[in-house]
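For reference, the structure is listed below as C-alpha coordinates.
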Amino acid sequence: MNEELEKRLNQVNVKKFGEDLVQWFEQEMRDLPWRENKDPYRVWVSEIMLQQTRVDTVIPYYNHFMEQFPTVEALAHAPEDDVLKAWEGLGYYSRARNLQAAVREVHEAYEGIVPDNLKEISSLKGVGPYTAGAILSIAYGRPEPAVDGNVMRVLSRILTIWDDIAKPSSRKKFETAVRHLIYKENPSYFNQALMELGAIVCTPTSPSCFLCPVQAHCAAFEEGSQHELPVKSKKKAAKTVELLTVIAENNNGEVLVSQRPEQGLLANMWEFPSFEKSVKNIPDLQMTELLKSDYHIEAVITDEGWMYQDHIFTHLIWKMQVGRARVEEVESQLPENARWVTQSDIEKLAMPVSHRKIANQWKESIEKETKS
DNA sequence: AAAACGTGGTA
DNA sequence: TTACCAAGTTT
(Lines give C-alpha, C1' and ligand atoms only; values in the text may rest on other atoms or scores of the structure.)
Protein backbone atom coordinates (compact mmCIF):
# COMPACT_ATOMS: atom_id res chain seq x y z
CA MET A 1 0.00 0.00 0.00
CA ASN A 2 0.97 3.60 -0.57
CA GLU A 3 3.06 4.81 2.38
CA GLU A 4 1.49 8.23 2.75
CA LEU A 5 -1.98 6.69 2.67
CA GLU A 6 -1.00 4.05 5.20
CA LYS A 7 0.27 6.74 7.53
CA ARG A 8 -3.02 8.64 7.28
CA LEU A 9 -5.12 5.54 7.76
CA ASN A 10 -3.19 4.63 10.89
CA GLN A 11 -4.03 8.02 12.35
CA VAL A 12 -7.77 7.29 12.11
CA ASN A 13 -9.62 5.72 15.00
CA VAL A 14 -11.45 3.32 12.69
CA LYS A 15 -13.98 2.07 15.21
CA LYS A 16 -14.94 5.54 16.35
CA PHE A 17 -15.03 6.85 12.78
CA GLY A 18 -17.47 4.13 11.70
CA GLU A 19 -19.66 4.61 14.72
CA ASP A 20 -19.80 8.40 14.37
CA LEU A 21 -20.57 8.16 10.66
CA VAL A 22 -23.22 5.45 10.87
CA GLN A 23 -24.89 6.99 13.89
CA TRP A 24 -25.18 10.25 11.99
CA PHE A 25 -26.64 8.42 9.00
CA GLU A 26 -29.25 6.65 11.09
CA GLN A 27 -30.38 10.01 12.36
CA GLU A 28 -30.14 12.10 9.20
CA MET A 29 -30.72 9.77 6.26
CA ARG A 30 -33.19 11.05 3.70
CA ASP A 31 -36.42 9.18 3.13
CA LEU A 32 -35.90 7.90 -0.42
CA PRO A 33 -38.02 5.41 -2.38
CA TRP A 34 -35.16 2.95 -2.92
CA ARG A 35 -34.64 2.79 0.84
CA GLU A 36 -38.07 1.24 1.34
CA ASN A 37 -36.50 -2.21 1.57
CA LYS A 38 -33.33 -4.09 0.56
CA ASP A 39 -34.71 -5.86 -2.51
CA PRO A 40 -31.54 -6.27 -4.62
CA TYR A 41 -33.45 -5.47 -7.81
CA ARG A 42 -34.76 -2.20 -6.38
CA VAL A 43 -31.30 -1.28 -5.13
CA TRP A 44 -29.83 -2.15 -8.53
CA VAL A 45 -32.27 0.00 -10.50
CA SER A 46 -31.67 2.93 -8.18
CA GLU A 47 -27.89 2.65 -8.51
CA ILE A 48 -28.06 2.64 -12.30
CA MET A 49 -30.42 5.62 -12.40
CA LEU A 50 -28.30 7.56 -9.92
CA GLN A 51 -25.15 7.29 -12.01
CA GLN A 52 -24.16 10.89 -12.82
CA THR A 53 -27.71 11.95 -11.99
CA ARG A 54 -29.18 13.92 -9.10
CA VAL A 55 -31.46 12.35 -6.50
CA ASP A 56 -34.24 14.87 -7.18
CA THR A 57 -34.16 14.05 -10.87
CA VAL A 58 -34.21 10.30 -10.29
CA ILE A 59 -37.08 10.05 -7.78
CA PRO A 60 -40.04 10.43 -10.20
CA TYR A 61 -38.39 8.21 -12.81
CA TYR A 62 -37.65 5.59 -10.20
CA ASN A 63 -41.19 5.50 -8.86
CA HIS A 64 -42.64 5.20 -12.34
CA PHE A 65 -40.09 2.60 -13.42
CA MET A 66 -40.74 0.38 -10.40
CA GLU A 67 -44.47 0.58 -11.02
CA GLN A 68 -44.04 -0.41 -14.63
CA PHE A 69 -41.28 -2.98 -14.06
CA PRO A 70 -41.63 -4.10 -10.42
CA THR A 71 -39.51 -7.24 -10.67
CA VAL A 72 -36.61 -8.82 -12.53
CA GLU A 73 -39.12 -10.89 -14.43
CA ALA A 74 -41.23 -7.90 -15.46
CA LEU A 75 -38.22 -6.02 -16.81
CA ALA A 76 -36.82 -9.12 -18.48
CA HIS A 77 -40.03 -9.64 -20.44
CA ALA A 78 -40.63 -5.99 -21.39
CA PRO A 79 -40.08 -4.68 -24.94
CA GLU A 80 -36.91 -2.60 -25.12
CA ASP A 81 -38.90 0.30 -26.58
CA ASP A 82 -40.92 0.48 -23.36
CA VAL A 83 -37.78 0.54 -21.25
CA LEU A 84 -36.21 3.30 -23.32
CA LYS A 85 -39.46 5.27 -23.16
CA ALA A 86 -39.47 4.97 -19.36
CA TRP A 87 -35.89 6.33 -19.43
CA GLU A 88 -36.71 9.25 -21.76
CA GLY A 89 -35.22 12.46 -20.39
CA LEU A 90 -32.89 10.74 -17.91
CA GLY A 91 -29.94 10.56 -20.29
CA TYR A 92 -27.14 8.04 -20.75
CA TYR A 93 -29.59 5.71 -22.42
CA SER A 94 -27.16 2.83 -22.68
CA ARG A 95 -27.76 2.48 -18.95
CA ALA A 96 -31.35 1.45 -19.67
CA ARG A 97 -30.42 -0.99 -22.41
CA ASN A 98 -27.55 -2.48 -20.40
CA LEU A 99 -29.79 -2.78 -17.35
CA GLN A 100 -32.39 -4.73 -19.26
CA ALA A 101 -29.77 -6.96 -20.88
CA ALA A 102 -28.29 -7.65 -17.45
CA VAL A 103 -31.69 -8.30 -15.91
CA ARG A 104 -32.41 -10.79 -18.68
CA GLU A 105 -29.09 -12.45 -17.86
CA VAL A 106 -30.08 -12.66 -14.20
CA HIS A 107 -33.48 -14.03 -15.17
CA GLU A 108 -32.04 -16.75 -17.41
CA ALA A 109 -28.71 -17.66 -15.82
CA TYR A 110 -29.40 -17.02 -12.13
CA GLU A 111 -33.07 -17.95 -11.78
CA GLY A 112 -33.96 -14.31 -11.30
CA ILE A 113 -31.75 -13.91 -8.24
CA VAL A 114 -29.29 -11.00 -8.38
CA PRO A 115 -25.82 -12.49 -7.72
CA ASP A 116 -24.38 -11.80 -4.26
CA ASN A 117 -20.72 -12.10 -5.18
CA LEU A 118 -18.28 -9.71 -6.83
CA LYS A 119 -17.28 -11.93 -9.74
CA GLU A 120 -20.76 -12.69 -11.02
CA ILE A 121 -22.33 -9.31 -10.35
CA SER A 122 -19.43 -7.50 -12.00
CA SER A 123 -19.90 -9.55 -15.15
CA LEU A 124 -23.34 -8.01 -15.71
CA LYS A 125 -23.67 -5.28 -18.33
CA GLY A 126 -23.59 -1.79 -16.88
CA VAL A 127 -22.36 -2.98 -13.48
CA GLY A 128 -18.95 -1.47 -12.89
CA PRO A 129 -16.87 -1.40 -9.70
CA TYR A 130 -19.03 1.22 -7.99
CA THR A 131 -22.39 -0.40 -8.72
CA ALA A 132 -21.12 -3.86 -7.84
CA GLY A 133 -19.95 -2.64 -4.45
CA ALA A 134 -23.13 -0.66 -3.88
CA ILE A 135 -25.44 -3.60 -4.53
CA LEU A 136 -23.31 -6.06 -2.57
CA SER A 137 -23.10 -3.79 0.46
CA ILE A 138 -26.58 -2.21 0.45
CA ALA A 139 -28.64 -5.24 -0.57
CA TYR A 140 -26.50 -8.06 0.82
CA GLY A 141 -24.54 -6.42 3.64
CA ARG A 142 -21.17 -7.43 2.17
CA PRO A 143 -18.14 -5.34 3.25
CA GLU A 144 -17.29 -4.13 -0.29
CA PRO A 145 -16.25 -0.58 -1.16
CA ALA A 146 -18.63 1.51 -3.27
CA VAL A 147 -16.49 4.40 -4.41
CA ASP A 148 -18.33 7.15 -6.25
CA GLY A 149 -17.61 10.85 -6.62
CA ASN A 150 -18.96 11.60 -3.15
CA VAL A 151 -16.75 9.01 -1.51
CA MET A 152 -13.66 10.29 -3.30
CA ARG A 153 -14.43 13.85 -2.25
CA VAL A 154 -15.14 12.94 1.38
CA LEU A 155 -12.14 10.67 1.77
CA SER A 156 -9.80 13.00 -0.07
CA ARG A 157 -10.57 15.44 2.73
CA ILE A 158 -10.63 13.02 5.65
CA LEU A 159 -7.28 11.56 4.59
CA THR A 160 -5.84 14.53 2.65
CA ILE A 161 -5.42 12.54 -0.54
CA TRP A 162 -4.12 14.90 -3.24
CA ASP A 163 -4.45 12.55 -6.24
CA ASP A 164 -6.44 13.85 -9.20
CA ILE A 165 -9.83 12.17 -8.79
CA ALA A 166 -10.58 12.69 -12.48
CA LYS A 167 -7.95 10.08 -13.30
CA PRO A 168 -9.21 6.48 -13.50
CA SER A 169 -6.18 5.20 -11.61
CA SER A 170 -7.08 7.18 -8.49
CA ARG A 171 -10.13 5.13 -7.62
CA LYS A 172 -8.05 2.18 -6.40
CA LYS A 173 -6.49 4.22 -3.64
CA PHE A 174 -9.93 5.18 -2.35
CA GLU A 175 -11.07 1.56 -2.48
CA THR A 176 -8.07 0.63 -0.39
CA ALA A 177 -9.02 3.32 2.10
CA VAL A 178 -12.62 2.09 2.30
CA ARG A 179 -11.53 -1.51 2.82
CA HIS A 180 -9.50 -0.27 5.77
CA LEU A 181 -12.19 2.01 7.21
CA ILE A 182 -15.38 0.11 6.47
CA TYR A 183 -17.70 -0.48 9.42
CA LYS A 184 -18.03 -4.27 9.45
CA GLU A 185 -21.14 -4.22 11.64
CA ASN A 186 -23.03 -2.40 8.90
CA PRO A 187 -21.30 -2.00 5.53
CA SER A 188 -24.59 -0.94 3.95
CA TYR A 189 -25.02 2.07 6.19
CA PHE A 190 -21.31 2.84 6.15
CA ASN A 191 -21.20 3.15 2.37
CA GLN A 192 -24.48 5.01 2.16
CA ALA A 193 -23.36 7.32 4.96
CA LEU A 194 -20.18 8.22 3.12
CA MET A 195 -22.23 9.16 0.06
CA GLU A 196 -24.95 10.89 2.05
CA LEU A 197 -22.31 12.93 3.86
CA GLY A 198 -20.85 13.98 0.52
CA ALA A 199 -24.28 14.93 -0.79
CA ILE A 200 -25.48 16.88 2.25
CA VAL A 201 -22.51 18.08 4.31
CA CYS A 202 -19.15 17.51 2.63
CA THR A 203 -20.23 19.27 -0.55
CA PRO A 204 -17.92 20.29 -3.41
CA THR A 205 -17.71 24.07 -3.02
CA SER A 206 -18.72 24.94 0.53
CA PRO A 207 -18.56 22.00 2.91
CA SER A 208 -20.50 22.50 6.15
CA CYS A 209 -17.71 21.31 8.41
CA PHE A 210 -19.49 22.72 11.46
CA LEU A 211 -22.23 20.13 10.90
CA CYS A 212 -19.92 17.23 10.15
CA PRO A 213 -20.21 14.12 12.32
CA VAL A 214 -16.63 13.11 11.51
CA GLN A 215 -15.01 16.53 11.73
CA ALA A 216 -12.77 15.22 14.54
CA HIS A 217 -11.40 12.60 12.14
CA CYS A 218 -10.76 14.96 9.22
CA ALA A 219 -7.14 15.73 8.32
CA ALA A 220 -8.15 18.44 5.87
CA PHE A 221 -10.27 20.24 8.46
CA GLU A 222 -7.42 20.06 10.92
CA GLU A 223 -5.04 21.79 8.52
CA GLY A 224 -7.72 23.97 6.89
CA SER A 225 -7.31 22.54 3.39
CA GLN A 226 -10.87 21.27 2.89
CA HIS A 227 -11.55 23.91 0.22
CA GLU A 228 -8.54 22.78 -1.82
CA LEU A 229 -9.75 19.19 -1.95
CA PRO A 230 -10.44 17.14 -3.89
CA VAL A 231 -8.04 17.81 -6.76
CA LYS A 232 -9.92 17.39 -10.01
CA SER A 233 -8.59 18.22 -13.48
CA LYS A 234 -10.78 19.96 -16.06
CA LYS A 235 -12.47 18.33 -18.96
CA LYS A 236 -12.06 19.59 -22.47
CA ALA A 237 -14.67 21.83 -24.07
CA ALA A 238 -17.54 20.47 -26.14
CA LYS A 239 -17.52 20.74 -29.92
CA THR A 240 -20.37 22.26 -31.88
CA VAL A 241 -22.13 20.52 -34.75
CA GLU A 242 -24.72 22.22 -36.93
CA LEU A 243 -27.64 20.04 -37.94
CA LEU A 244 -30.53 20.32 -40.34
CA THR A 245 -33.68 18.64 -39.04
CA VAL A 246 -36.86 18.11 -41.00
CA ILE A 247 -40.46 17.61 -40.05
CA ALA A 248 -41.72 15.86 -43.17
CA GLU A 249 -45.49 15.45 -43.34
CA ASN A 250 -47.51 13.38 -45.80
CA ASN A 251 -51.16 13.73 -46.82
CA ASN A 252 -52.36 11.29 -44.16
CA GLY A 253 -51.36 13.60 -41.34
CA GLU A 254 -48.31 11.48 -40.62
CA VAL A 255 -44.73 12.56 -40.02
CA LEU A 256 -41.44 10.89 -40.83
CA VAL A 257 -39.29 9.61 -37.95
CA SER A 258 -36.21 7.44 -37.90
CA GLN A 259 -34.49 5.31 -35.30
CA ARG A 260 -30.85 6.00 -34.51
CA PRO A 261 -28.23 3.21 -34.78
CA GLU A 262 -27.99 0.72 -31.91
CA GLN A 263 -24.49 1.88 -31.08
CA GLY A 264 -23.22 5.29 -30.04
CA LEU A 265 -24.92 8.56 -29.22
CA LEU A 266 -28.61 8.23 -28.26
CA ALA A 267 -28.58 4.63 -29.45
CA ASN A 268 -31.97 3.31 -30.63
CA MET A 269 -33.74 6.57 -29.84
CA TRP A 270 -36.23 8.00 -32.33
CA GLU A 271 -35.79 11.38 -34.00
CA PHE A 272 -36.85 13.55 -36.88
CA PRO A 273 -34.50 13.01 -39.82
CA SER A 274 -31.38 15.07 -39.26
CA PHE A 275 -28.32 15.80 -41.29
CA GLU A 276 -25.04 17.51 -40.61
CA LYS A 277 -25.36 20.89 -42.25
CA SER A 278 -23.33 21.44 -45.37
CA VAL A 279 -21.55 24.76 -45.66
CA LYS A 280 -22.08 24.91 -49.40
CA ASN A 281 -25.77 24.12 -49.85
CA ILE A 282 -28.63 26.30 -48.82
CA PRO A 283 -30.78 24.49 -46.24
CA ASP A 284 -33.86 23.99 -48.45
CA LEU A 285 -31.86 22.39 -51.19
CA GLN A 286 -29.81 20.17 -48.90
CA MET A 287 -32.92 18.97 -47.12
CA THR A 288 -34.68 18.07 -50.34
CA GLU A 289 -31.67 16.20 -51.67
CA LEU A 290 -31.04 14.24 -48.49
CA LEU A 291 -34.67 13.23 -48.09
CA LYS A 292 -34.40 11.88 -51.62
CA SER A 293 -31.07 10.08 -51.24
CA ASP A 294 -31.48 8.76 -47.68
CA TYR A 295 -35.25 8.20 -47.48
CA HIS A 296 -36.27 7.93 -51.16
CA ILE A 297 -38.79 10.69 -50.63
CA GLU A 298 -39.78 13.53 -52.94
CA ALA A 299 -40.38 16.44 -50.63
CA VAL A 300 -41.18 20.10 -51.01
CA ILE A 301 -39.89 22.36 -48.28
CA THR A 302 -42.72 24.57 -47.12
CA ASP A 303 -42.17 28.21 -46.32
CA GLU A 304 -43.52 28.03 -42.79
CA GLY A 305 -41.00 29.54 -40.40
CA TRP A 306 -37.88 27.65 -39.48
CA MET A 307 -37.40 26.67 -35.86
CA TYR A 308 -34.13 26.56 -33.98
CA GLN A 309 -33.23 24.18 -31.18
CA ASP A 310 -29.98 23.65 -29.31
CA HIS A 311 -29.06 20.36 -27.71
CA ILE A 312 -26.24 20.55 -25.19
CA PHE A 313 -24.46 17.29 -24.35
CA THR A 314 -21.43 16.94 -22.11
CA HIS A 315 -19.05 16.51 -25.00
CA LEU A 316 -21.06 17.95 -27.87
CA ILE A 317 -23.43 20.75 -28.85
CA TRP A 318 -25.99 20.41 -31.60
CA LYS A 319 -27.27 23.60 -33.16
CA MET A 320 -30.36 22.44 -34.97
CA GLN A 321 -32.20 24.27 -37.71
CA VAL A 322 -35.64 22.73 -38.20
CA GLY A 323 -37.69 23.00 -41.37
CA ARG A 324 -40.99 21.56 -42.52
CA ALA A 325 -41.58 19.60 -45.69
CA ARG A 326 -44.64 18.36 -47.59
CA VAL A 327 -44.52 14.92 -49.14
CA GLU A 328 -47.07 14.04 -51.84
CA GLU A 329 -45.79 10.64 -52.90
CA VAL A 330 -45.69 8.04 -50.13
CA GLU A 331 -45.56 4.88 -52.23
CA SER A 332 -41.79 4.62 -52.18
CA GLN A 333 -40.00 2.14 -49.91
CA LEU A 334 -38.74 3.63 -46.66
CA PRO A 335 -35.40 2.50 -45.23
CA GLU A 336 -35.53 -0.07 -42.41
CA ASN A 337 -35.01 2.50 -39.64
CA ALA A 338 -37.72 4.94 -40.79
CA ARG A 339 -41.48 5.11 -40.30
CA TRP A 340 -44.49 7.32 -40.92
CA VAL A 341 -46.25 7.96 -37.62
CA THR A 342 -49.22 9.97 -36.37
CA GLN A 343 -49.15 12.73 -33.78
CA SER A 344 -50.29 10.35 -31.07
CA ASP A 345 -47.74 7.69 -32.11
CA ILE A 346 -44.98 10.22 -31.54
CA GLU A 347 -45.79 10.52 -27.87
CA LYS A 348 -45.11 6.81 -27.41
CA LEU A 349 -41.64 6.90 -28.97
CA ALA A 350 -38.49 7.38 -26.92
CA MET A 351 -36.94 10.61 -28.18
CA PRO A 352 -34.00 12.70 -26.95
CA VAL A 353 -34.97 15.99 -25.30
CA SER A 354 -34.23 18.15 -28.32
CA HIS A 355 -36.47 16.15 -30.61
CA ARG A 356 -39.16 15.91 -27.95
CA LYS A 357 -39.16 19.71 -27.72
CA ILE A 358 -39.41 19.97 -31.48
CA ALA A 359 -42.31 17.51 -31.49
CA ASN A 360 -44.11 19.55 -28.85
CA GLN A 361 -43.58 22.81 -30.71
CA TRP A 362 -44.76 21.22 -33.92
CA LYS A 363 -47.88 19.92 -32.17
CA GLU A 364 -48.64 23.40 -30.84
CA SER A 365 -48.24 24.97 -34.24
CA ILE A 366 -50.60 22.37 -35.74
CA GLU A 367 -53.20 23.13 -33.10
CA LYS A 368 -52.94 26.84 -33.83
CA GLU A 369 -53.31 26.31 -37.57
CA THR A 370 -56.37 24.14 -37.00
CA LYS A 371 -58.09 26.83 -34.95
CA SER A 372 -57.56 29.63 -37.43
C1' DA B 1 -5.66 6.56 -20.37
C1' DA B 2 -8.74 9.23 -22.51
C1' DA B 3 -12.96 9.94 -24.73
C1' DA B 4 -17.76 8.87 -25.42
C1' DC B 5 -21.97 8.93 -23.32
C1' DG B 6 -27.41 13.02 -21.45
C1' DT B 7 -29.65 16.08 -18.86
C1' DG B 8 -31.06 19.74 -15.77
C1' DG B 9 -29.61 22.58 -11.92
C1' DT B 10 -26.63 26.04 -9.84
C1' DA B 11 -22.87 29.64 -8.90
C1' DT C 1 -22.97 33.01 -19.99
C1' DT C 2 -19.60 29.84 -18.92
C1' DA C 3 -18.32 26.15 -16.05
C1' DC C 4 -19.02 22.64 -13.16
C1' DC C 5 -21.67 19.41 -11.03
C1' DA C 6 -24.56 14.34 -9.99
C1' DA C 7 -24.76 7.52 -6.24
C1' DG C 8 -20.11 5.79 -13.47
C1' DT C 9 -19.48 2.42 -17.32
C1' DT C 10 -17.78 1.16 -21.70
C1' DT C 11 -14.55 1.21 -25.32
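In what follows, every chain begins at residue 1, and chains take the letters A, B, ... in the order their sequences are listed.
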By the 4.0 Å heavy-atom rule, please label [X] as base, sugar-phosphate, or nothing.
{"X": "A:Leu266", "value": "sugar-phosphate"}
{"X": "A:Arg153", "value": "sugar-phosphate"}
{"X": "A:Gly198", "value": "nothing"}

Inset, instruction - Could you tell me which residues satisfy ring pair (Phe, Tyr, Trp, His ring centres under 6.0 Å) with A:Phe275, sequence neighbours excluded, listed by chain and number? - result: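 Result, ring pair (Phe, Tyr, Trp, His ring centres under 6.0 Å) vs A:Phe275: none returned.
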
Inset, instruction - Tell me, please, which residues at least two apart from A:Tyr189 pass ring pair (Phe, Tyr, Trp, His ring centres under 6.0 Å). - result: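 Listed in chain order: A:Phe25.
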
Inset, instruction - Report the C-alpha distance between A:Val300 and A:Thr302 in whole Å, list the side-chain angles of each, state the deciding distance to 0.1 Å, and finish with yes or no for side chain to side chain contact (heavy atoms under 4.5 Å, CB included). - result: CA-CA 6 Å; A:Val300 177; A:Thr302 64; 5.7 Å; no

Output a table of nitrogen or oxygen pairs between the protein and nucleotides 1-3 of chain C separated by less than 3.5 Å.
none

Inset, instruction - Step through it carefully: locate the ring centre of A:His77, locate the ring centre of A:His107, and say whether they are under 6.0 Å apart. - result: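 Yes; A:His107 has its ring centre under 6.0 Å from that of A:His77.
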
Legend entry - Contact nearer the 5' end of DNA chain B, comparing A:Lys167 with A:Gly91: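 Mapping each residue to its closest nucleotide by heavy atoms, the 5'-most match is A:Lys167.
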
Legend entry - Comparing A:Gln52 and A:Ser169 on DNA chain B - which has the more 5′ nearest nucleotide: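 Result: A:Ser169.
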
Inset, instruction - May I ask you to list the residues of residues 125-134 of chain A, by number, that have any heavy atom positioned under 4.0 Å from an atom of DNA chain C? - result: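 Those residues are A:Lys125, A:Gly126, A:Val127, A:Gly128, A:Pro129, A:Tyr130, A:Thr131.
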
Legend entry - Interface with DNA chain C, restricted to residues 28-50 of chain A and to heavy atoms under 4.0 Å: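 Contacting residues: A:Arg30, A:Leu32, A:Trp34, A:Arg35, A:Glu47, A:Leu50.
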
Legend entry - Consecutive Watson-Crick or G-U pairs in runs of at least 3, all under 3.5 Å, in which DNA chain C is involved: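 Listed by first number, the stems are B:2-5 with C:8-11, B:7-11 with C:2-6.
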
Inset, instruction - Please answer whether the main-chain N or O of A:Thr342 pairs with a side-chain N or O of A:Asp345 as donor and acceptor at a distance below 3.5 Å. - result: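 Yes, the answer is positive, given that a donor and an acceptor are paired below the 3.5 Å cut-off.
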
Inset, instruction - Report yes or no: does A:Lys85 contribute a side-chain atom to a donor-acceptor pair with the main-chain N or O of A:Glu347 at less than 3.5 Å? - result: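 Confirmed, A:Lys85 side chain pairs with A:Glu347 backbone.
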
Is a salt bridge present between [X] and [Y], judged by a nitrogen-to-oxygen distance below 4.0 Å?
{"X": "A:Glu3", "Y": "A:Lys7", "result": "no"}
{"X": "A:Glu175", "Y": "A:Arg171", "result": "yes"}
{"X": "A:Arg35", "Y": "A:Glu26", "result": "no"}
{"X": "A:Lys319", "Y": "A:Glu242", "result": "no"}

Inset, instruction - Measure up the A:His311 and A:Phe313 rings against each other and bin them: parallel (under 30°), tilted (30 to 60°), perpendicular (over 60°). - result: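 Ring orientation, 0 to 90° scale: parallel.
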
Inset, instruction - Share the residues that join A:Leu285 in a hydrophobic cluster, the rule being Ile, Leu, Val, Met, Phe, Trp or Tyr side chains under 4.5 Å apart at the heavy-atom level. - result: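 Answer for A:Leu285: A:Ile282.
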
Legend entry - Spacing of A:Leu265 atom CG relative to B:dA3 atom P, expressed in whole Å: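 Atom CG in A:Leu265 sits about 17 Å away from atom P in B:dA3.
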
Inset, instruction - Check the distance between B:dG6's C1' and A:Phe313's CZ and give it to me in whole angstrom. - result: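 Going from CZ in A:Phe313 over to C1' in B:dG6 covers 7 Å.
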
Tabulate atom names and distances for all N/O pairs under 3.5 angstrom spanning the protein and nucleotides 8-11 of chain B.
{"residue": "B:dG8", "atom": "N2", "partner": "A:Arg54", "partner atom": "NH1", "Å": "2.4"}

Inset, instruction - Indicate whether OP1 or OP2 belonging to B:dA2 is found under 4.0 Å from a side-chain N or O atom of A:Lys235. - result: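 Result: no.
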
Inset, instruction - Give a yes/no on whether any side-chain N or O of A:Tyr92 is located under 4.0 angstrom from OP1 or OP2 of C:dT10. - result: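 So the side chain of A:Tyr92 is outside the cut-off, no N or O lying under 4.0 Å from OP1 or OP2 of C:dT10.
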
Legend entry - Euclidean distance for P, B:dC5 against C:dA6 (whole angstrom):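 Between the two P atoms, the distance is 23 Å.
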
Legend entry - Whole-angstrom distance between B:dG6 and C:dC5, as gauged at atom C1':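 The answer is 14 Å between these two C1' atoms.
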
Inset, instruction - Select from A:Thr314 and A:Arg171 the residue whose nearest nucleotide in DNA chain C is closer to the 5' end of that strand. - result: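 Its nucleotide being nearer the 5' end, the pick is A:Thr314.
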
Inset, instruction - Name the residue closer to the 5' end of DNA chain C, choosing between A:Met195 and A:Gln263 according to the nucleotide with the nearest heavy atom. - result: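 Nearest nucleotide further toward 5': that of A:Met195.
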
Donor-acceptor list for residues 132-143 of chain A side chains, cut-off 3.5 Å, not counting sequence neighbours:
{"residue": "A:Ser137", "atom": "OG", "partner": "A:Gly133", "partner atom": "O", "Å": "2.8"}
{"residue": "A:Ser137", "atom": "OG", "partner": "A:Ala134", "partner atom": "O", "Å": "3.2"}
{"residue": "A:Ser137", "atom": "OG", "partner": "A:Asn191", "partner atom": "ND2", "Å": "3.0"}
{"residue": "A:Tyr140", "atom": "OH", "partner": "A:Val114", "partner atom": "O", "Å": "2.5"}
{"residue": "A:Arg142", "atom": "NH1", "partner": "A:Asp116", "partner atom": "O", "Å": "2.6"}
{"residue": "A:Arg142", "atom": "NH2", "partner": "A:Asp116", "partner atom": "OD2", "Å": "3.3"}

Inset, instruction - For A:Lys277 and A:Gln321, test the side chains for any donor-to-acceptor distance below 3.5 angstrom and give the result as yes or no. - result: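 A:Lys277 vs A:Gln321: donor-acceptor pair found between side chains.
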
Inset, instruction - Could you tell me which residues satisfy side-chain contact (heavy atoms from CB on, under 4.5 Å) with A:Ala78, sequence neighbours excluded, listed by chain and number? - result: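 Scan of A:Ala78 (side-chain contact (heavy atoms from CB on, under 4.5 Å), adjacent residues dropped) gives A:Phe69, A:Val83, A:Gln100.
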
Could you work out which one of [options] sits closest to the side chain of [X]?
{"X": "A:His311", "options": "B:dG6, B:dA2, B:dA3", "answer": "B:dG6"}
{"X": "A:Pro204", "options": "B:dT7, C:dC5, B:dA4", "answer": "C:dC5"}
{"X": "A:His315", "options": "B:dA2, B:dG6, B:dA4", "answer": "B:dA4"}

Inset, instruction - Among residues two or more places apart or on two chains, list those pairs meeting side chain to side chain donor-acceptor pair (under 3.5 Å) that have a residue in residues 216-232 of chain A. - result: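 Listed by first then second residue: A:Asp20-A:His217, A:Glu223-A:Ser225.
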
Sequence neighbours left out, cut at 3.5 Å: what donor-acceptor pairs do the side chains of residues 54-63 of chain A make with other protein atoms?
{"residue": "A:Tyr61", "atom": "OH", "partner": "A:Glu88", "partner atom": "O", "Å": "2.8"}
{"residue": "A:Tyr62", "atom": "OH", "partner": "A:Arg42", "partner atom": "O", "Å": "3.1"}
{"residue": "A:Asn63", "atom": "ND2", "partner": "A:Ile59", "partner atom": "O", "Å": "3.4"}

